[in-house]
Each structure stands twice: as C-alpha cells, then as structure tokens.
Amino acid sequence: MTLERYNPGACETRWQQVWTDRETFTTRTDEAGEKYYVLEMFPYPSGRVHMGHVRNYTMGDVVARFKRARGFNVLHPMGWDAFGMPAENAAMANKIHPRSWTYDNIAVMRDQLKSMGLSLDWDKEFATCDVEYYTCQQQLFLDFLDAELAYRRKSTVNWDPVDQTVLANEQVIDGRGWRSGAEVEQRDLTQWFFRITAYNDELLEALDSLERWPEKVRVMQKNWIGKSRGIEIPFQLTDPLDGCENIPCYSTRPDTLRGASFIAISADHPLAKTLENTSPELAEFCAKCRKLGTSEEALEKAEKLGFDTGLVVRHPVTPDILLPVWIGNFVLMDYGTGAVFGCPAHDQRDLDFARKYNLPVRNAFVMPDADRDVENEALVPSKSEQVLFKDHFTGITLATSQEAIDKTIDWFEEKGLGIGMIKYRLRDWGISRQRYWGCPIPVIHCESCGIVPVPRADLPVELPDDVTFEKPGNPLDHHPTWSQVKCPTCRGDARRETDTMDTFVDSSWYFARFTSPRAKTPTEPEVVNRWLPVDQYIGGIEHAILHLLYSRFFTRAMKATGHLDLDEPFAGMFTQGMVVHETYQKPDGGWATPDEVTISETENIRSAILNETGEKIEIGGIEKMSKSRRNTVDPSDIIETYGADTARWFMLSDSPPERDIIWTEAGIEGAWRFVQRLWRLVHDTHGKATYDPVPADLDGPALELRKTAHRTLALVADNIEGLRFNRSVAHIYEFANALTAVLGDKANPSQNLAPVLGEAVRFLILGFGPMMPHLGEECWRAIGGDGLLVDQQWPEIDQNLMQDDTITIAVQVNGKRRDELTIARDMAKEDIEKAALALGNVVRDIGDRPVRKVIVVPNRIVNVVA
RNA sequence: GCGGACGUGGUGGAACUGGUAGACACACAAGACUUAAAAUCUUGAGGAGCUGAGCUCCGUGCGGGUUCGAGUCCCGCCGUCCGCACCA
C-alpha cells in the first residue's frame, strides 16, 4: 500500500483535543510522584506570539514532557504579564481601552500557544491584570508596608514636561522625550520603594548556592549588587558654608590618598544646591548635568565636565595641602556620599579631568621596577599586584594595593579620621509609576493622618474603566472621582495614591501564584511550599539581572510576611538565545520581509530578488527579529504550513539553546523533511517488526541495532537533562540513519531482528516524543502501541549494552596521528604498547630513531615519542 | 566608560575531566527513479600537494607559552554581541 504523507494540520489539532479531553496536563498537588516545577517566563501579551516565544516554550515543553515520562508529577503553567506601557500606547494611538486591547491580545496568543501542542495546565492560567491577581498583590504590598519593606522617599526621575510623564532611560533620546521631543528634566518626586537593600548581603551570599544557574547570570547579579569595602573620610572645608564644615567622601581606594588633588561632588549634592542660589553659572552647570539622565551608562560615556565651586578642603593626612572642590558631571548622588576625591595618577577618568582643568597629578605609588610619574595614562595595576608606595603615611613601602587599602582603613579608624564601611551599589527598588495600566498602590493620603494604608477589607483598589488618554499625564490623576476617598482613620476627605506599581512587581511572584491561582490569599502555604522552588526556569538573558533579582527579593519578603517558606525561588535557571534572521534591504533603503523575497544560491553565492518587481535586493546582516527590520516570521504561518512539530524540531536542532538561532527557510524545510522521513520509517517497519520480548542472546546486526537504540535513548535523556537539546536532536538523527540502514539491508541474516526492530522503533518514538509530541502519538498509534504516547514511561536502559568489548584508539607518533588500534577494552598497558609499536605505519614513521617514551592512556590513546 | 559572553569547513554546530578536529544537520555537486519537475534514494567533499583511491604538509580569530599531546589550560592582541536600574 502507498503511504500518505503525514498531515500535521489534521493530526495536531486532533491530538491536542485528545489531551484536553483527558485532562492529561491538569496537575494535582496530591498526585503520586516526586514534584517537578518547570516554568518558562510568561509572555507580555503584545498581540502575536513571536519566534522567541516558540523557542522558549518548546524548550520548557520538552523538559516537562520528559520529566512526566520519568514519573514526575509535573507542574507546567502559563499566564500573562499583562500590565505595562504598550497597552497605554495602543490606547492613545487607536482609542482602544488598555483592558480590551490586552484581553483581546491574550485570546489571540492563547490560541497560538495552544496550536504548539504545549503540555501546559491551562486551568492554572491567569493574567497579572486580572483583578484577583492584583488584589493579592495589594495584600502583599500592605504586608510589606507593615514589615517596613515598603516605604516612601524622594528620588530623581526623568520628567517629560509635555507628556507630563516619567520616562524610562531608554525613552530619553539625546536628552529629549521619545514621543514629545521635549527636553527632559530631572525631577525629584516622592515615590514608593521596596527595601531590597535589606537583603543585599543575603542576595549576594546565596548566589553561591545557585548551582544550576548560569555562571554569567550569577556574575552579573554579583556585580549589580556591587559589594565593596571602603572608607568614608570627611574633608574639612577651610571656610564652612552654611554650617557645613566638611565634605564626607567615600572611597574604595584610600591607598591612593596621597595623589588626591581635587574633590568632586554631584550636581545633586546638598552643597551644590546651596551654591546654586548664589551663582547663576554654577546653577546652569548643574542643570546641564541633570540633563545627562539617570543612567550609569550615560554618565560614564559623557565627556567629563567640571565646575570649580571655589570651595577648598584640607587633605586629611597633610592638612597644609589644599584641594579645590569641583562639581563633576560624573559623580552619582545615589552612590556613596555623592562626593569623591579625585586621584588623577591612578584613575583614567580623574586624569582626563585633571589635564582638562590643570589640576596637579601626583603618584601615590609607582611600579617597583619603574619609578616614573604618570603622564597621559593613569597607573592602574590590579589590586593584587605589588607596587612601591611613596612616603605613605602608614609607613607602607612595597605592598599590594589590597594590603595598603586594609592598612589605610585601619590607620584612619585608629586616628578617628574616617570610618571603614561596606557599601553596595544596589539601590532600593523604586516601584512608583505615574501610569494607568498597572496595579494601584493601595494607600490613601490624608491631610491630617498622613499616609494611611487601605484597610484590607476595602481591597481591591480597582482600576476605573472610564478613563481617557487624550490629556497628557496619568489618567488616574485626571479621573474626576476615582481618587476622591474618605480617610479610613478620620473619615475626612482624602486622596487615593494614583501611582501604580512597576510591572516588575507583577512578575516577581507569579511563579508562586501558579501553585494556587484561584486562592483568596496570594498563596496557600502548604501548596506553595510543596511546589517551590521552580526546578527549571527558562527565559531570556535580558532578564538576567532585574527580574531574577526582584523575584529573589520577593521570595524573601514573602517569607518574612508568612506567605511561603523558602529563600530562593528558582533552583535551576536557563537563559536561552534569541531567534535571528537575515535582513533584506531595498534600493530605497526600506526593508523587505522574508515573504517578499526569493533566495537563490549558485556556487555558494546567495542572492535575493524582490518578488514584486523582480529586481535584485541586498542581503543584509543577521539580526534579532524585529518589526523595524521587518525580518520577522510569524509562528502561526509556519505552524499552518509545516505543523507545530516541524517548528518545534527546528527550534531544537543545530544551535545550542543558550546561543542565538538563525531562522532559515532551508532549516525549517529540513525539519519538515525529517518529520516525513520518520513517518515513512515507522511505516517501513510494518510487517518486519514484532513487539515480543527481545531474546537475551543476540549477535550481529540485531545486537548492534539494540545497542544503538539503548545508547541513543540514554544520550537523548542525558542531553535533555542537561538542556542540550541540539545534541539530543543529533542523536535522534543518527538513530534514524542506523534504523534506515538496517531496514534497507536486504541480506540480513539475523534470526532475531524482528523483536529488536520492534524495540528500536518503540524507542525511536519514545525518544523524539517530547520534542514532536503530535507525530509521536500518530506513530505510536500506527505501531499499535498501548494507550497514549504521552502516558508512556521513558524506557529502561540496559546498562550492559552501553559499552563495546572492543574499542578503537588512535596511535600517535610525536603527537601526530599515524594509525589506529582495535583492541579489547581495558587491555593491559604493556600489551597496548606492544601492539602499538608493532603497527606498520608506526614502525615506518619511527624509522631508526630510538623510542624514548610511550604514553598509553587506557581506552583513549597511545603516543610514541621517538 | 564599566561589566560579561562568544569566535571551529560554504553555513548552523559536534568534540565528556587536555587524548583520532569537523559527529549530526543545512546548503552544494554527481548519479538513480521520472516524459519532466517535485519528492525520495545513493554517493562525494576542510584546504593544499603528490603521476594519485594512499600518503605528506597546513588547519579551530591573531601572536606567544605550558605539555608526550592544546579547539580545550595560561599570557597578550583583534573582532562580534549583550547588560548597565521607569521597555518587558
């Protein structure tokens, strides 16, 4: 009979329906089996699923399905990170309410995700903009407030005076608002903060326990927290100003104090603000500094500028040396004391500054072998390198900077001239957003009672529906009645807080909520403690710092307030790479989509033509799929054409999951052909394979095939466990090639091949099942397998089949491969040596040189040194 | 600027703790099947050389080093990418 092509369109929806009807993926906490919680970062409902989601969710699904097959009780939920600015931007642009825009998008994307055949428990689904969810978040906020983990203070923000809104750093382009084009101001607003710094040491220390996290993510978090030991030294002003007698400076390099030649303070330093009142030029300079923005990057990249305040301080060790006080545009008020001493000889930035403003350059130390003064390059050896200090006040001469730093701090503390201290770069987390589409902060401002938390009985503070986006600013502020409220304490007229929470708050505890998504309280402790931590979390590297750090903080804060009982939310973390695609640039500079061009290749030279006009078009760089470059491919188009399994297989093939994957038409077609090939291969075993027990005494091709089957499944399992999906894929290919070869071998003498073939084809289906689940079910049914594939356990691997009795090792002469040797496994060293030296190629290559040494690494290699 | 990662054939990538570099796939070429095309199957291939089916030399971004042996470890460069606190 002729075999019909595998038709994913019909099969995939059918199997998805079967899984849904049987509630295959509905998780119950009380079910048997060790728990396994696999989670992919939930998507922002932007409108359509993109290829990055396909990759992310495919990986998670392979892990989830594999762990199910391994007997675990798997929790694999999905939801929506649904608050955020794009909904408000859409509201402004298209007059759609953010709520309907968001829920409409969710409906579309849910269908798209369902078409991928993911083993998700959709009963657990929620969106962070659901009232039930943000009500719980408001409860958490109130608990944090009680625990003094939430508080209010002033802080500086980027303010767009036209749009009347706070801007993200990325929304400030060349000092102007991205939408309005207005010059951005730095404004002090009173804002809500979470006291993440209460845990800074703990968040740092615990990083070492996160063994299944990528090293680079841990390093990034470590640097972000930025623990440093330094000293705070007050520099005495020669003439006190407004009662201020000294300027405390924080430094991590007090060993360079001898070279100090100026003090630089932030434009936001209290002294600078005082001086602004008396000097218009200085005020203007400070205003210019503030325009630089609030990002560290902007500060560091900008040209270093200063303004001499005319104030003078004394050097703390040698009081007759006087240092000028400058305002520097590179000094951050938020870090340390907002004032630093400049040491040009040992800091390039300070050196540039000193040369520009003609300030002295004095070495604190020199290299032991080169006693030279610094000219145009600062001397910045590593802290562990020995240097020669010049008349150091503690008497140090030859020492490392680290030793000198420690000694200097001790010296200052003894004399009472300064205080050694540990500082962190990590700042408290500002959560106030002057926006509509977010979780309202549940507090009330009362003129007589101050800040009053909304009583828990009055929760939720719901977002009003009737808002307008025509006026600039926060719609909650413009609402005629929403913010008017009676004070819960004194019953007088009061005003609701109109700030909403940063959307990072929403995503900082959703993983806990998934364990009891319908509970009235944020979590149910018995349930959440049963499921957490997440055993495998998968998402983009862009979240390596903030989202993960905030979630780690939230878990601790929720522990402190009794919502759960652990510190670290994610036991295993994996960051996957992006999906990238070629770009096609038209002669007029515009971009063409992949659909609009046809690629041809001759003699390894690729060229593209624009379908519409037939003209040649330039193939541009390979870049992250983005709307602006128009190099996106819509997952739904791919699934419609090739099926979900083909898309999933391609996503797993070739590229290591942590690296970027290049989406190509050729690649997806290759995956498609393999899907068809597997389908044919399974059918070709019909009539040749039996499903009886495999006899114990096998030999020849039957034994070889059986070894391949068992080894492949062991390797596939191992590589899925290690999240090396591309290698699992390669082993499936090799297995399929081996099976094809056996089936094609007409003169096969083995008596016992039929049951071995049966086992092999079963193993093959079980092996690719987690990756291509629909094809797997279809094949499983075709061979008459019991029940559903999805309910099968991963097969037992026979350890006796893992190793061959004979092995082939390479034989080198002087490190160059000259021959190979097939020998019994674990043969004695002396015997291997003898056999190697007898090889023809080896004898010839050595010639009449004496054999000086023979290195034998058993089961690996022989190297003859002659 | 600071911090981090990466660099292997025409392409994506394999190579476990230093032990046969290029598994597997894509693309390509030749052949089979076909009226033809598609699909499918078979075969080939890192580069250079040698009167040639075997062997030699070169080869993992570049330059050094350690070692019997380096894609892998160390030092110094070059290049590409990512993050930098209100995008999610």
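Note: hydrogens, waters and symmetry copies are ignored here, and every other heavy atom, side chains too, is used. In what follows, every chain begins at residue 1, and chains take the letters A, B, ... in the order their sequences are listed.
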Mind checking what makes salt bridge (Lys or Arg N to Asp or Glu O under 4.0 Å) contact with A:Arg48, not counting sequence neighbours? A:Asp634
Any N/O pairs under 3.5 Å between the protein and nucleotides 20-22 of chain B? List them or say none.
| unit_1 | atom_1 | unit_2 | atom_2 | d |
| --- | --- | --- | --- | --- |
| B:rU20 | O2 | A:Arg817 | NE | 2.9 |
| B:rU20 | O4 | A:Thr808 | O | 3.3 |

With hydrogens left out and only the distance checked, is there a donor-acceptor pair under 3.5 Å joining A:Asn223's side chain and the base of B:rG3? no
Counting only side-chain nitrogens and oxygens, does A:Asn726 get under 4.0 Å of the OP1 or OP2 atom of B:rA14? yes
Identify each atom pair where a protein N or O and an N or O of nucleotides 37-46 of chain B are less than 3.5 Å apart, giving names and distance.
| unit_1 | atom_1 | unit_2 | atom_2 | d |
| --- | --- | --- | --- | --- |
| B:rU40 | O3' | A:Arg680 | NH2 | 3.3 |

A:Lys816 side chain N/O closer than 4.0 Å to the phosphate oxygens (OP1, OP2) of B:rG19? no
Quick one: list whatever passes salt bridge (Lys or Arg N to Asp or Glu O under 4.0 Å) with A:Lys829, sequence neighbours left out. none
Where at least one partner belongs to residues 851-866 of chain A, residue pairs that pass salt bridge (charged side-chain N to carboxylate O under 4.0 Å, His left out), sequence neighbours excluded: none
Nearest-Å distance, CG (A:Leu715) to C1' (B:rC16)? 11 Å
When the nearest nucleotide of RNA chain B is assigned to A:Glu669 and to A:Leu426 on a heavy-atom basis, which residue is associated with the more 5' position? A:Glu669
Return the stems involving RNA chain B, sorted by first number, where pairs are Watson-Crick (N1-N3 with N6-O4 or O6-N4) or G-U wobble (N1-O2 and O6-N3), both under 3.5 Å, and runs are 3 or more long. B:1-7 with B:78-84, B:10-12 with B:24-26, B:28-32 with B:40-44, B:46-50 with B:54-58, B:61-65 with B:73-77
Between P of B:rG12 and CE of A:Met578, the distance in whole Å: 15 Å
